[in-house]
There are 2 protein chains.
Amino acid sequence: MSKETILDQMKEEGLRITPQRVHIVELLFELSHPTADRIYTLMSEKFPYVSQATVYNTLKKLKEIGVVRELMDGDKSSNFEVNEMEHWHFNCKVCGEIYDLEPAKTEALMAVGTQKGAFQVESYQVKFYGICAKCM
Amino acid sequence: MSKETILDQMKEEGLRITPQRVHIVELLFELSHPTADRIYTLMSEKFPYVSQATVYNTLKKLKEIGVVRELMDGDKSSNFEVNEMEHWHFNCKVCGEIYDLEPAKTEALMAVGTQKGAFQVESYQVKFYGICAKCM
DNA sequence: ATAAATGCAAATGCTTTGCATTGCC
DNA sequence: GGCAATGCAAAGCATTTGCATTTAT
């Protein structure tokens with residue numbers, strides 16, 4: 001997915017293309033799993049008067065139209081990423097970095113989810129925790 | 001794991017056994033993946049002056065000594081469970097209920113986590129989202 | 001006796017909301 | 001021109017913290 005694809009998608013969904021929104025999309029491509037606050041901080045360099053509300057609301061809309069995913073990890077603040085092809089995540093407990101991993105066969109996972117035959121699985125989330133190479 | 005096991009574990013770790021804590025442990029066995037607030041509400045029936053701080057702090061300590069697990073799902077408040085044998089979860093998006101599932105072969109999952117040979121995986125989390133039988 | 005746990009209230013941190021103003025389409 | 005997006009401030013919610021009092025050991 002490219003910046004242009006996302007902007008097109010936004011137009012299709014009736015969202016307006018503002019300079020702030022364009023820059024949020026750009027930052028989503030430049031950064032690795034940024035938080036809303038990290039985006040806000042970097043936004044401020046280019047748009048000194050940008051508000052957190054704009055960042056949060058924009059990310060929410062982008063999530064709603066399906067071009068952005070939110071990675072939620074409880075008490076910590078959410079991380080965001082462009083909704084590319086499916087993948088899993090590895091969270092380093094030392095540096096906090098989030099790494100992308102190739103997914104295992106999804107059919108196998110879905111089968112687990114559907115065990116007992118009573119669950120209509122729409123999605124699942126797999127997250128690994130540990131220590132990354134840099135921190136070992 | 002039984003209530004007594006947990007209380008023993010608490011003593012071993014130097015935690016004091018108070019009536020409030022005993023009841024929190026009992027509720028953890030009676031309820032299905034309760035939130036801190038749900039525990040607090042039910043606590044109030046038996047201990048009208050219990051505070052949220054007591055519930056939150058106790059759950060935190062129980063987590064620290066490893067007898068309780070916290071299921072975190074982002075913006076929503078956390079759910080808690082006794083740390084029994086490993087299992088996965090299914091979240092129903094209609095009723096919000098959390099169901100326990102048998103885990104698939106963990107070795108396979110660990111292997112995915114260790115792909116690229118650079119991650120020391122300590123734990124992982126698998127969660128399914130969808131609609132449960134009751135809600136279909 | 002003493003160190004930890006409790007209850008209360010205030011504080012925190014992330015995110016959302018209300019509202020007047022601005023600016024895309 | 002009309003309606004959505006912005007910026008600002010205030011509100012919301014879950015959770016944590018400080019502190020004086022109580023209580024388990």
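Here is how names work: the chains are called A, B, and so on, in the same order as the sequence lines, proteins then strands, and each is numbered from 1.
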Hey, is the main chain of A/Lys63 close enough, under 3.5 Å, to the side chain of A/Arg69 for a donor-acceptor pair?
no

What residues form a side-chain contact (heavy atoms from CB on, under 4.5 Å) with A/Thr35, not counting sequence neighbours?
A/Asp37, A/Arg38, A/Ser77, A/Asn79

Counting C-beta onward and ignoring hydrogens, is there a side-chain heavy-atom pair between B/Asn83 and B/Val68 closer than 4.5 Å?
no

I want to check one thing: is the phosphate of D/dA5, taken as OP1 and OP2, less than 4.0 Å away from some side-chain N or O of A/Lys61?
yes

So, OP1 or OP2 of C/dC8: does either fall under 4.0 Å of a side-chain N or O from B/Ser51?
no

Between C/dT22 atom P and A/Phe47 atom CZ, what is the distance in whole Å?
18 Å

Is the ring pair B/His23/B/Phe47 parallel, tilted or perpendicular, if the boundaries are 30 and 60 degrees?
tilted

Can you measure A/Asn79 atom CG to C/dC14 atom P for me and round it to whole angstrom units?
12 Å

Give the minimum heavy-atom separation between B/Thr54 and B/Ile24, together with the two atoms involved.
O-CD1, 4.3 Å

Measuring only between side-chain heavy atoms, which start at C-beta, is A/Glu70 closer than 4.5 Å to A/Glu81?
no

Rounded distance (Å) that lies between atom P of D/dG12 and atom CG of B/Asp37
17 Å

Nearest-nucleotide pick for B/Ala53, side chain only, options being D/dT6, D/dT17, C/dT17
D/dT17

Please report the shortest heavy-atom distance between A/Tyr40 and A/Val50, naming the atom on each side.
CE1-O, 3.4 Å

Measure from CD on A/Gln52 to C1' on C/dT12 and round the result to the nearest Å.
14 Å

Quick one: does A/Ile98's side chain get under 4.5 Å of A/Phe90's, heavy atoms only?
no

Quick check on D/dT15: is either OP1 or OP2 less than 4.0 Å from any side-chain nitrogen or oxygen of B/Tyr56?
yes

Using side-chain heavy atoms (C-beta onward) and a distance below 4.5 Å, is A/Phe29 in contact with A/Val82?
yes

Terminal axes of the helix from C/dA1-D/dT25 to C/dC25-D/dG1 (5 end pairs apiece), angle rounded to 10 degrees, sit apart by 40°

Could you tell me whether A/Asn57 contacts a base, only the sugar-phosphate backbone, or nothing, with contacts defined as non-hydrogen atoms closer than 4.0 Å?
base

Looking at C/dT6, I'd like to know if its phosphate oxygens (OP1 or OP2) sit under 4.0 Å from a side-chain N or O belonging to B/Thr18.
yes

Taking for each residue the nucleotide of DNA chain D with the nearest heavy atom, is it A/Pro19 or B/Lys11 whose nucleotide lies nearer the 5' end?
A/Pro19

Output the single nucleotide from C/dT15, D/dG2, C/dT6 whose closest atom is nearest the side chain of A/Arg16.
D/dG2

Euclidean distance, atom CD1 of residue A/Ile17 to atom P of D/dA4 [Å, nearest integer]
15 Å

CD1 of A/Ile39 versus P of D/dT6: gap in Å, rounded?
14 Å

Minimum-distance nucleotide to A/Lys60 side chain [options: D/dC3, C/dT16, C/dT6]
C/dT16

Residue-level proximity of residues 20-29 of chain A to DNA chain D when a heavy atom falls under 4.0 Å
A/Gln20, A/Arg21

Just the rounded figure in Å: distance from C1' of C/dT15 to CE of A/Met72.
13 Å

Distance, rounded to the nearest Å, where B/Lys76 contributes NZ and C/dC14 contributes C1'
16 Å

Judged by modelled atom types alone, do B/Ser44 and B/Thr41 share a side-chain donor-acceptor pair under 3.5 Å?
no

OP1 or OP2 of C/dG13 less than 4.0 angstrom from a side-chain nitrogen or oxygen of A/Ser77, does that happen here?
no

